[in-house]
Amino acid sequence: MYINSVTHYLPEGRVPNSHFNQINGLTEEWIISRTGIKERTKAGPLENTHTMGIAAVEKAIEALPYTASEIDLIVGATYTGYDNIVTLGHALQHYLQADDAVVLSLSSACSSLLNAIEVVEGYFAMGKADTALVVASDHNTAYSDETDRIAGHLWGDGAVAFFISKERTSPQDHNIIDLFTKGAAHVGKATEGVVLRPAHDGFVMNHGKDVFIHACQYMTEATQKILADNSIPIEEMAYFIPHQANWRITRKVLENLGLPEEKGLSNIQYLGNTGCPGCGIAFSEHQEEFKQGEYIVMTVFGGGYSYGAMLIEV
């Protein structure tokens, strides 16, 4: 599979740490020391999961090597649904007027982006599609309680769009060498570590330590596995892009892998935890820095303890 284009969208709203100091007494120093976050994005009153996803797509559509009508698979990835009937995927099809596309949306917490790309891989393998659009978009602030001293200060909003083809469309395409996702809901506090129940209390994070421990474990192991499966020494990986949940998690995984901090790409410091698009947004933000032939690993871990990794050759 080949990545033809990656674009992202971030809302203009920004919420500094001082906002939470006024609401619940958490200080700038306390938030930064535990999360790395200095500020986070916040969607405007007229924005939602769908509008942000469409805005990410708008940035790429004119420069694609094919037309919107040639996209035959659209997969939306989100756990913050704006509409559970007319899903993110349907909103994207309506915007693109891609009249013959297969359309679906999925949710597997913060691993949803890689789960969606793996669905594309399956459709390509079955000969049911040749070009695909994957959009990950999360409107976390719509579900968060800012007065919650445990998790209310973590969340940001944003979206990322990946245009993917079965065959190479141009010399600038990135090659997806390998990809896998799995579930680990059988361990620890997987089914209660992080929950989002819209009819109840929104985001609840009662077992942050358990989430931290397993995020570090599984993102480390996923990175090691995908490199080993493809006989690539870890020192040949140019960049490591993990799920953007917490800078302390990123640093711990880098330490586990024996990598310097400059190899880890992170945006949580100025975006907050943007959910399943977070690592994709980091890829989009830094793509001008990538050099031909470099290896990049994206790895994810989400509530419910879903995880995975993707190996990309620039």
Side-chain angles (χ1 to χ4, degrees), residues 1-6 36 110-111 113-118 120-122 124-125 134 136 160 162 164-168 170-184 187 212-269 276-302 305-314:
M1 294 193 296
Y2 296 89
I3 300 171
N4 317 130
S5 180
V6 183
C110 290
S111 71
L113 173 60
L114 294 198
N115 290 109
I117 295 175
E118 193 168 38
V120 170
E121 182 181 42
F124 285 175
V134 171
V160 68
F162 279 71
I164 303 171
S165 61
K166 185 175 182 179
E167 305 296 338
R168 185 181 290 278
S170 78
Q172 285 72 45
D173 287 352
H174 306 299
N175 181 17
I176 299 177
I177 297 175
D178 198 3
L179 166 68
F180 77 90
T181 63
K182 292 187 178 182
V187 302
F212 184 98
I213 291 169
H214 288 97
C216 294
Q217 173 191 344
Y218 280 100
M219 287 200 289
T220 298
E221 292 177 358
T223 302
Q224 292 169 331
K225 171 179 168 53
I226 204 163
L227 289 171
D229 287 351
N230 292 278
S231 302
I232 297 174
I234 196 163
E235 58 270 16
E236 291 187 15
M237 179 175 58
Y239 294 103
F240 167 74
I241 313 178
H243 165 51
Q244 303 293 305
N246 185 310
W247 174 235
R248 289 172 59 226
I249 292 176
T250 297
R251 284 193 303 181
K252 181 61 177 176
V253 177
L254 287 167
E255 179 186 323
N256 292 346
L257 295 170
L259 295 171
E261 284 192 4
E262 57 265 27
K263 283 201 172 186
L265 300 184
S266 179
N267 56 31
I268 190 170
Q269 295 91 333
C276 65
C279 57
I281 292 171
F283 183 96
S284 179
E285 288 178 312
H286 291 274
Q287 57 189 319
E288 297 301 320
E289 304 165 25
F290 303 153
K291 297 179 177 61
Q292 184 176 359
E294 287 184 331
Y295 296 115
I296 297 170
V297 171
M298 297 175 65
T299 183
V300 292
F301 182 85
Y305 295 6
S306 53
Y307 69 100
M310 180 165 69
L311 175 61
I312 301 168
E313 182 182 16
V314 178

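- Annotation: the span from Ser284 atom OG to Gln287 atom CD amounts to 4.5 Å, rounded to 0.5 Å.
- Applying the 6.0 Å contact sphere to CD of Gln292 captures no more than 12 heavy atoms from other residues, nucleotides or ligands.
- The CD1 atom of Ile176 sits 11.0 Å away from the CD atom of Glu118 when rounded to the nearest 0.5 Å.
- In this structure, Lys263 places its NZ atom where more than 12 heavy-atom neighbours from other residues, nucleotides or ligands lie under 6.0 Å away.
- Between the Thr223 side chain and the Met219 main chain, a donor and an acceptor come within less than 3.5 Å of each other.
- Note that the CG atom of Leu257 and the CE atom of Met237 stand 6.0 Å from one another [nearest 0.5 Å].
- The minimum heavy-atom distance between Ile164 and Asn4, with the atom names listed, is C-OD1, 3.5 Å.
- A heavy-atom distance below 4.5 Å is found between the side chains of Cys279 and Leu113.
- Checked against the 6.0 Å centroid criterion, the rings of Phe283 and Phe290 qualify as a close aromatic pair.
- For the side-chain contact (heavy atoms from CB on, under 4.5 Å) with Ile3, the qualifying choice from Asp173, Val134, Ile312 is Ile312, the only one to do so.
- Closest non-hydrogen pair, Gly280 versus Val6, comes out as O-CG1, 4.3 Å.
- The closest side-chain heavy-atom distance from Tyr218 to Val187 is below 4.5 Å.
- For Gln244 (side chain) and Pro242 (main-chain N/O), a donor-acceptor pair under 3.5 Å exists by modelled atom type.
- Ring-plane geometry between Tyr305 and Phe301 is classed as tilted, the angle between the planes lying from 30 to 60 degrees on a 0 to 90 degree scale.
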| Could you go step by step and tell me if Gln269 and Ser266 meet the side chain to side chain donor-acceptor pair (under 3.5 Å) rule? | CA-CA 7 Å; Gln269 295 91 333; Ser266 179; 2.9 Å; yes
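- Contact check for Glu261 versus Trp247: side-chain heavy atoms found under the 4.5 Å cut-off.
- Partner of Tyr295 under the side-chain contact (heavy atoms from CB on, under 4.5 Å) criterion, out of Leu227, Asn230, Ile177: Ile177 alone.
- A donor-acceptor pair is defined here as one N or O able to donate and one able to accept, closer than 3.5 Å; such a pair exists between the side chain of Lys166 and the backbone of Phe124.
- Distance check, rounded to the nearest 0.5 Å: CD1 of Ile241 to CE of Met298 gives 5.5 Å.
- In this structure, CD1 on Ile213 lies 10.5 Å from NZ on Lys252, to the nearest 0.5 angstrom.
- For the pair Arg168 and Pro171, the tightest heavy-atom approach, listed with the atom from each and the gap, is NH1-O, 3.9 Å.
- Heavy-atom minimum distance, Ala222 versus Ala309: O-CB, 3.7 Å.
- A donor-acceptor pair under 3.5 Å is absent between the side-chain atoms of Lys225 and the main chain of Gly308, judged by distance alone.
- Atoms CD1 and CG, from Ile281 and Asn267 in turn, are 6.5 Å apart once rounded to the nearest 0.5 Å.
- Thr299 has its side chain out of reach of Tyr307: every pair of non-hydrogen atoms, C-beta onward, lies at least 4.5 Å apart.
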| task | List the steps and the verdict of side chain to side chain contact (heavy atoms under 4.5 Å, CB included) for Leu311 and Leu179. | result | CA-CA 6 Å; Leu311 175 61; Leu179 166 68; over 6 Å; no
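- At a threshold of 4.5 Å between non-hydrogen side-chain atoms, the residues Met1 and Ile117 count as touching.
- Between the side chain of Glu294 and the backbone N or O of Ala238, no donor-acceptor pair lies under 3.5 Å.
- Between His174 and Phe162, the gap from one ring centroid to the other reaches at least 6.0 Å.
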